[in-house]
Amino acid sequence: MWGNKRGTSAVAGGTTLISRDTQFIGTIHFSGNLEIEGEVVGDVLAAPGADAVVRLVEAGRIQGEIRAPRVMINGAVEGAVHATRHLELAPRARVSGDVHYHIIEMAAGAEVNGRLLHCMEPEEASAAPAAVFLGQQDAVAKVD
């Protein structure tokens, strides 16, 4: 799961790193890969239509919303997470906020203090805009 090479850990394009001793305050707009080892106070938003990945390592922290196709969390998030394609919650993941996902992998030890809300992929959602969120569930694990 965490760190596997099935295509969820990297995408084409550049990689941006927020290093361990860095605090970024403001909204991050990105495409490609975003690796966060430090702290972000603000929203993390992938460019529309980009095949982007956010990876939050164990020491990393985000206070704000995350919106990206692929999200991998092993740190702390205070805010909503929107992963339109794939979400991985590693053993040290701590999320305080609602989690919107299409496919989720959750390791033993991961923690979500909020709702898990399944959503359709963007292509499916555009065909049925009135029913983007299918429902909420207490816990779901789904493998490709």
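Quick caveat: nothing in here was measured; it's all calculated off a predicted structure. The basis for the numbers below is simple: all heavy atoms, side chains too, and nothing from hydrogens, waters or symmetry mates.
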With the side chain counted from C-beta on, respond yes when [X] and [Y] share a heavy-atom pair under 4.5 Å apart, and no when they do not.
{"X": "L56", "Y": "I73", "value": "yes"}
{"X": "L116", "Y": "H118", "value": "no"}
{"X": "F30", "Y": "V44", "value": "yes"}
{"X": "L34", "Y": "I28", "value": "yes"}
{"X": "T15", "Y": "E35", "value": "yes"}
{"X": "I25", "Y": "Q23", "value": "yes"}
{"X": "I103", "Y": "L87", "value": "no"}
{"X": "Q63", "Y": "E39", "value": "yes"}

**Request:** Show the numbers, then the answer: is there a side-chain contact (heavy atoms from CB on, under 4.5 Å) between V57 and I36?
**Result:** CA-CA 6 Å; V57 301; I36 301 171; over 6 Å; no
Closest heavy-atom pair and its distance - [X], [Y]:
{"X": "C119", "Y": "H100", "answer": "SG-C, 4.4 Å"}
{"X": "D51", "Y": "P69", "answer": "CA-CG, 4.4 Å"}
{"X": "A52", "Y": "A68", "answer": "O-CB, 4.5 Å"}
{"X": "A90", "Y": "A110", "answer": "O-CB, 3.3 Å"}

**Request:** Under the side-chain contact (heavy atoms from CB on, under 4.5 Å) rule, what do V112 and M106 come out as? Steps first, then yes or no, please.
**Result:** CA-CA 10 Å; V112 174; M106 188 176 209; 3.5 Å; yes
**Request:** Apply the test side-chain contact (heavy atoms from CB on, under 4.5 Å) to residues E111 and L89: give CA-CA distance (whole Å), side-chain angles for both, the deciding distance (0.1 Å), then the verdict.
**Result:** CA-CA 8 Å; E111 196 178 289; L89 298 173; over 6 Å; no
**Complete:** For L17, the other hydrophobic cluster members (4.5 Å side-chain criterion, sorted by chain and number) are none
**Request:** Using salt bridge (Lys or Arg N to Asp or Glu O under 4.0 Å) as the criterion, list what pairs up with D43, not counting sequence neighbours.
**Result:** none
**Message:** Among residues at least two apart in sequence or on other chains, which ones pass salt bridge (Lys or Arg N to Asp or Glu O under 4.0 Å) with E65?
**Reply:** R67
**Prompt:** Quick one: does D98's side chain have a donor or acceptor within less than 3.5 Å of a partner on G114's backbone?
**Reply:** no
**Asked** Would L45 end up clustered with V53 when hydrophobic side chains under 4.5 Å apart are linked, directly or stepwise?
**Response** no
**Prompt:** Are more than 12 heavy atoms from other residues, nucleotides or ligands located less than 6.0 Å from atom CZ of R92?
**Reply:** no
**Request:** Apply side-chain contact (heavy atoms from CB on, under 4.5 Å) to V81 and V95, showing your working.
**Result:** CA-CA 8 Å; V81 176; V95 179; 4.1 Å; yes
**Prompt:** When the ring centroid of H86 is compared with that of H102, is the distance short of 6.0 Å?
**Reply:** no
